[in-house]
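In what follows, a single structure is set out as structure tokens and then discussed.
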Amino acid sequence: MITEAKEINFHKQELKGRSFLTLADYSQNEINYLIDLADYIKKQKREGIAFEPLKGKTLGMIFEKSSTRTRVSFEAGIYQLGGLGIFLSSKDIQIGRGETIADTAQVLSGYLDGIMIRTFSQETVEELAAKSSIPVINGLTDLYHPCQVLADLQTIKEIKGKLQDIKVVYIGDGNNMAHSLMIGAAKMGIELVIAAPEGYHPDTSVTDKAKAIASEHHAKVSIEANPFEAVKHADVIYTDVWASMGQEAEQLKREKDFAGYQVNAALIENAKEEAIFMHCLPAHRGEEVTAEVIDGKQSVVFQQAENRLHAQKALMTALMG
Ligand code: CP
Ligand code: NVA
């Protein structure tokens, strides 16, 4: 095995010490840098070249919700970068027994070099970052899922060769995924259409913010009721579960309310022939997407999932390196 990574030859952005709470805080150049670094890290790994800029560094990973991809990709990622990941379930740490976020932030800042947190409210992540002296990474809140969208942007660029002049259509719930896609698309000059039923539109504050960002980046963010209209000329069709973590009690109501918003073969026939299907996973086959589509040839969901590893290794390298 070769142990020396080659010189990074794309324009470096200085991100050391920053937190990653939403893509709204990052410029187009900074996001492009993270995507380029993720591609580089992926290639190094494929070639068996060790890339260990975080030797001796430690990442704490607080989880107040379940996870497969986020947990495993962060833990494997920090290890591959030469560091250590510590899994901190809220069931086991004192947060679960009422210790404040502010105290936790200050204590963990004395031990660690970075914190990744998956929780309910975005305010919790913001408070953690405000009270920590080390970078905090948002591993999903009810409002945003920026790590997923960073990997998704890498995936779209990898497949389509570009991010500009791309139309992404998100079908379903105006949730954390929809919100982060709106912000990410707006930043990167992507046209994004959200097709969601009445009552499940994205938050107005996020929509307003995304539209304002879009106007500065030749991007377009809009909401459309009819999924068949929305997917016309789409390069990417994206969906997510109808009931997110914490909404389990609404499952049956949501199944009824989202009828007509399933991504199936009839729907994707209306998109471009070379359109790809994306889903952050976990997926519910037979609900938001049919097995035929998610297991079909247009689906790139496992490439997306793999890119979580590379994109987050880039993020940790840039923030904690
Ligand atoms: N997409 C995603 O974040 O998956 P996990 O919930 O498994 O982490
Ligand atoms: N919207 C989903 C995304 C899971 C990765 C949820 O919050 O449960």
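Every heavy atom of this structure was used, including side-chain atoms; hydrogens, water molecules and symmetry mates were not. In this chain, numbering begins with 1 at the start of the sequence shown. In each ligand, atom 1 is the first atom listed, and ligand 1 is the first ligand listed.
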query = Would you say ligand 1 has an N or O under 3.5 Å from any N or O of Met245?
reply = no
message = So, regarding Arg308 and ligand 1 (criterion: nitrogen or oxygen to nitrogen or oxygen, under 3.5 Å), is there a contact or not?
response = yes
ask   = Relative to Phe120, does Lys65 satisfy both conditions: NZ or CZ under 6.0 angstrom from the six-membered ring centre, and within 45 degrees of the ring's axis?
value = yes
inquiry  = Quick test of your reading of the structure: of Arg69, Arg71, Gln148, whose heavy atom lies closest to atom 5 (P) of ligand 1?
reply    = Arg69
key: Sub-4.0 Å heavy-atom contact, Thr70 with ligand 2   = no
request  = Could you tell me how the ring of Phe258 sits relative to the ring of Tyr200: parallel (under 30°), tilted (30 to 60°) or perpendicular (over 60°)?
outcome  = tilted
request  = May I ask you to check whether Asp240 has an N/O atom sitting below 3.5 Å from an N/O atom of ligand 2?
outcome  = yes
request  = Specify the protein heavy atom at minimum distance from atom 8 (O) of ligand 2: its residue, its atom name, and the distance to 0.1 Å.
outcome  = Met245 N, 2.8 Å
query = Does Arg71 make a cation-pi contact with Phe87 (under 6.0 Å, within 45 degrees of the axis)?
reply = yes
ask   = What do you reckon, does Leu140 have a nitrogen or oxygen under 3.5 Å from a nitrogen or oxygen of ligand 1?
value = no
message = Among all protein heavy atoms in this structure, tell me which lies nearest to atom 7 (O) of ligand 2, with the distance rounded to 0.1 Å.
response = Asn176 ND2, 2.8 Å
ask   = Has ligand 2 got any nitrogen or oxygen that is less than 3.5 angstrom from a nitrogen or oxygen of His145?
value = no
ask   = Considering only heavy atoms of Thr68, which atoms of ligand 1 have at least one such atom less than 4.0 Å away?
value = 5 (P), 7 (O), 8 (O)
inquiry  = Please tell me whether Tyr170 and Asn175 have a donor and an acceptor in their side chains that are separated by less than 3.5 angstrom.
reply    = yes
task = Looking only at distances, please establish whether an N/O atom of ligand 2 is found under 3.5 Å from an N/O atom of Arg118.
result = no
key: Protein heavy-atom partner closest to atom 4 (C) of ligand 2 - residue, atom, separation in Å   = Leu140 CD1, 3.9 Å
